[in-house]
> 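Got a structure for you, questions after.
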Protein chains: 2
Amino acid sequence: MGTYSLETLKAFLNGLTPIRSETWQQLELLFSEVQLPKGRFFLEDGRKATQIGFLTDGVMRAFYRNREGVEYNKHFFVPGSFIGGYASLITGKPNQIWQQSLTDCRLLVTDFASFSALYDTAPDLERAARLLAERFFVQKEEREIELVLSDAQTRYELFQQQFPGLEQRIPQYHIASYLGVTPTQLSRIRRKMARR
Amino acid sequence: MGTYSLETLKAFLNGLTPIRSETWQQLELLFSEVQLPKGRFFLEDGRKATQIGFLTDGVMRAFYRNREGVEYNKHFFVPGSFIGGYASLITGKPNQIWQQSLTDCRLLVTDFASFSALYDTAPDLERAARLLAERFFVQKEEREIELVLSDAQTRYELFQQQFPGLEQRIPQYHIASYLGVTPTQLSRIRRKMARR
DNA sequence: GAAGAAAATTTACATAGGTAAAGAAATCAG
DNA sequence: CTGATTTCTTTACCTATGTAAATTTTCTTC
């Protein structure tokens, strides 16, 4: 089972760029499997991020929280995603984005410092890291475009396409927050859509 | 003058990670200086991006445009910034973000394919590219947080801090668009701020 | 399967901020 | 300089969506 998770991670990295077996041998020693029950935080606001995880099972969310405690969902993670306070890991500044399990989850976790220390001797891994950073950037930009150019109903339809089946697994208020509207408004949108 | 621009670029890259002189020798041959009069596009919607530029003089903006032709400014570029349709360059998909000079500009321009071809033989350059991608990601996330957690007046104040002096050089409607409000609303905010 | 909790919907009302258009101010070109 | 253009501000009006609270529905768990 742990082996299977590691295989998923290996396949993911190889999908970015071919990883040499020497590199992988070093890499797989770094990761350990962690169970995260529903509702737990992988990452909280205000402290420095130090770990990265690779989600192999379950659903998680990333969100911001304002002074008054209002939460804004920014992303859902499904199996096969890297999670972690990427900006905080890179800059060393306090983390601003919370990450929480919405179902029971399984993760492969490692210390980011150990991971990135390998870049010096493993150019294939540094390449993977570049491609991953680029992919993260593109994802953020695509989401930004979605938020700017689409109205709430279209965003809802896009959410349904991008996360098939997820709608059934998590509360609607989480989806509303992800769409940038209130549950009230999402309910109005759904009613309107159902009427035709 | 062209030499001076190249020095700026070199300093910028060295600020990311030390660049070997062999790498720089190859690199500087790739770039050529381009003048961009006010109002010209570096990049338009719908076609694939192929070039990157390094802005050495002037101000540019990046923006999205919806079906109806309404524009949404997402970023201003000041000297010392890389510009180009980064997402499109990476993915090969059609570009979605327009980039236009707001004043007369000077740029160092190169073909991205030639630039990235050097990664294979120049790990220092690939490292710079990784750090740049990470930096781009962090910038986007910080801006995202700003848009989510701050109201329009705070965003205006942040704009003034982040782009000192820029306010005087470009029309207010460009700033309003960057802040995500109408010129009407920015005017209301300014009036309110002036009253104390 | 009944009681309680959580989630979703609906309603009534309030309001921030949009649109449109007119007028004032500033800037530019000849 | 001066007329023309562009930019900025203001006003009036309107609508989408927020808030709050009540109601209904769905999900848990004992």
Side-chain angles (χ1 to χ4, degrees), chain A residues 37-40 59 61 63-73 76 100-104 146-157 159-160 163 165-196, chain B residues 37-40 59 61 63-73 76 100-104 146-157 159-160 163 165-196:
Chain A
K38 176 175 174 176
R40 296 289 177 79
V59 179
R61 66 171 178 138
F63 62 103
Y64 304 125
R65 196 179 231 181
N66 73 7
R67 289 260 172 116
E68 290 78 39
V70 182
E71 297 177 356
Y72 300 88
N73 287 343
F76 297 115
Q100 183 190 33
S101 55
L102 295 178
T103 66
D104 291 349
E146 192 181 308
L147 281 165
V148 170
L149 299 186
S150 310
D151 63 19
Q153 177 173 333
T154 310
R155 294 203 300 274
Y156 177 48
E157 288 161 359
F159 161 79
Q160 292 176 319
F163 296 97
L166 185 52
E167 194 170 3
Q168 279 60 254
R169 300 184 63 192
I170 61 177
Q172 238 174 77
Y173 59 79
H174 277 321
I175 300 167
S177 172
Y178 174 80
L179 299 176
V181 296
T182 54
T184 310
Q185 188 61 12
L186 177 54
S187 180
R188 288 196 270 243
I189 289 166
R190 284 163 52 87
R191 178 174 27 148
K192 191 175 135 220
M193 286 171 73
R195 266 208 303 269
R196 52 196 57 191
Chain B
K38 176 177 172 173
R40 295 289 177 77
V59 179
R61 66 170 177 138
F63 62 101
Y64 304 123
R65 197 179 230 181
N66 72 7
R67 288 262 172 117
E68 290 79 39
V70 182
E71 298 176 356
Y72 300 87
N73 287 344
F76 298 114
Q100 183 190 33
S101 55
L102 295 177
T103 65
D104 292 349
E146 193 180 309
L147 281 164
V148 171
L149 299 187
S150 311
D151 63 20
Q153 176 172 334
T154 309
R155 295 203 298 273
Y156 177 49
E157 289 161 358
F159 162 79
Q160 292 175 319
F163 298 98
L166 185 53
E167 194 171 5
Q168 278 62 252
R169 300 183 65 191
I170 61 176
Q172 238 174 75
Y173 58 80
H174 278 321
I175 300 166
S177 171
Y178 174 80
L179 299 176
V181 297
T182 55
T184 310
Q185 188 60 10
L186 177 54
S187 181
R188 288 196 267 239
I189 289 166
R190 284 162 53 85
R191 181 174 25 149
K192 189 174 136 218
M193 287 171 73
R195 266 207 301 268
R196 50 196 60 190

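A note on names: the letters A, B, ... follow the listed sequences, proteins ahead of strands, and every chain is numbered from 1.
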> For B/Ser150 versus B/Arg155, what's the shortest heavy-atom pair and its separation?
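Heavy atoms of B/Ser150 and B/Arg155 come nearest at O-NH1, 2.8 Å.
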> Please report the end-to-end axis angle for the helix from C/dG1-D/dC30 to C/dG30-D/dC1, five pairs per end, rounded to 10 degrees.
60°
> Given A/Val70 and A/Tyr72, is the side chain to side chain contact (heavy atoms under 4.5 Å, CB included) satisfied, shown in steps?
CA-CA 7 Å; A/Val70 182; A/Tyr72 300 88; 3.8 Å; yes
> Please evaluate residues B/Gln100 and B/Glu71 with respect to the criterion side chain to side chain contact (heavy atoms under 4.5 Å, CB included), reporting the C-alpha separation (whole Å), side-chain torsions for both, the decisive distance (0.1 Å), and the verdict.
CA-CA 12 Å; B/Gln100 183 190 33; B/Glu71 298 176 356; 5.6 Å; no
> Mind calculating the distance between CD (B/Gln185) and C1' (C/dT15) to the nearest angstrom?
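That distance rounds to 12 Å.
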> Between D/dT7 atom P and B/Arg169 atom CZ, what is the distance in whole Å?
16 Å
> To the nearest Å, how far apart are B/Ile170 CD1 and D/dC8 C1'?
14 Å
> Which atom names give the shortest non-hydrogen contact between B/Ala176 and B/Leu186, and what distance separates them?
N-CD2, 3.8 Å
> Nearest whole Å is fine: how far is C/dA8 P from A/Gln168 CD?
11 Å
> Hey, can you pull the residues of residues 171-184 of chain A with a non-hydrogen atom under 4.0 angstrom from DNA chain C?
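The answer is A/Pro171, A/Gln172, A/Tyr173, A/Thr184.
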> Could you state the atom-to-atom distance from CZ of B/Arg188 to C1' of D/dT11 in whole Å?
9 Å
> At their closest point, which heavy atom of B/Leu102 faces which heavy atom of B/His174, and how far apart are they?
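Reported closest heavy-atom pair: CD2-NE2, 3.6 Å.
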> Starting from P on D/dT24, measure out to CZ on A/Arg190 and report it in whole angstrom.
19 Å
> Rounded to whole angstroms, how far apart are CG on A/Leu186 and C1' on C/dT10?
14 Å
> Donor-acceptor pair, B/Asp104 side chain versus B/Pro37 backbone, under 3.5 Å?
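No, because the side chain of B/Asp104 does not come within donor-acceptor range (under 3.5 Å) of the backbone of B/Pro37.
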> Should the ring pair A/Phe76 and A/Tyr178 be called parallel, tilted or perpendicular, given that the plane angle runs from 0 to 90° and is split at 30 and 60?
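Ring orientation, 0 to 90° scale: tilted.
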> CZ of B/Arg61 to CD1 of B/Ile175: how many Å apart, nearest 0.5 Å?
12.5 Å
> Would you say A/Arg191 places a side-chain N or O within less than 4.0 Å of OP1 or OP2 belonging to C/dT10?
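Yes, within the criterion.
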> Measure CD1/B/Ile189 against P/D/dT9 and give the value in whole Å, please.
12 Å
> Show the numbers, then the answer: is there a side chain to side chain donor-acceptor pair (under 3.5 Å) between B/Tyr156 and B/Glu167?
CA-CA 10 Å; B/Tyr156 177 49; B/Glu167 194 171 5; 2.3 Å; yes
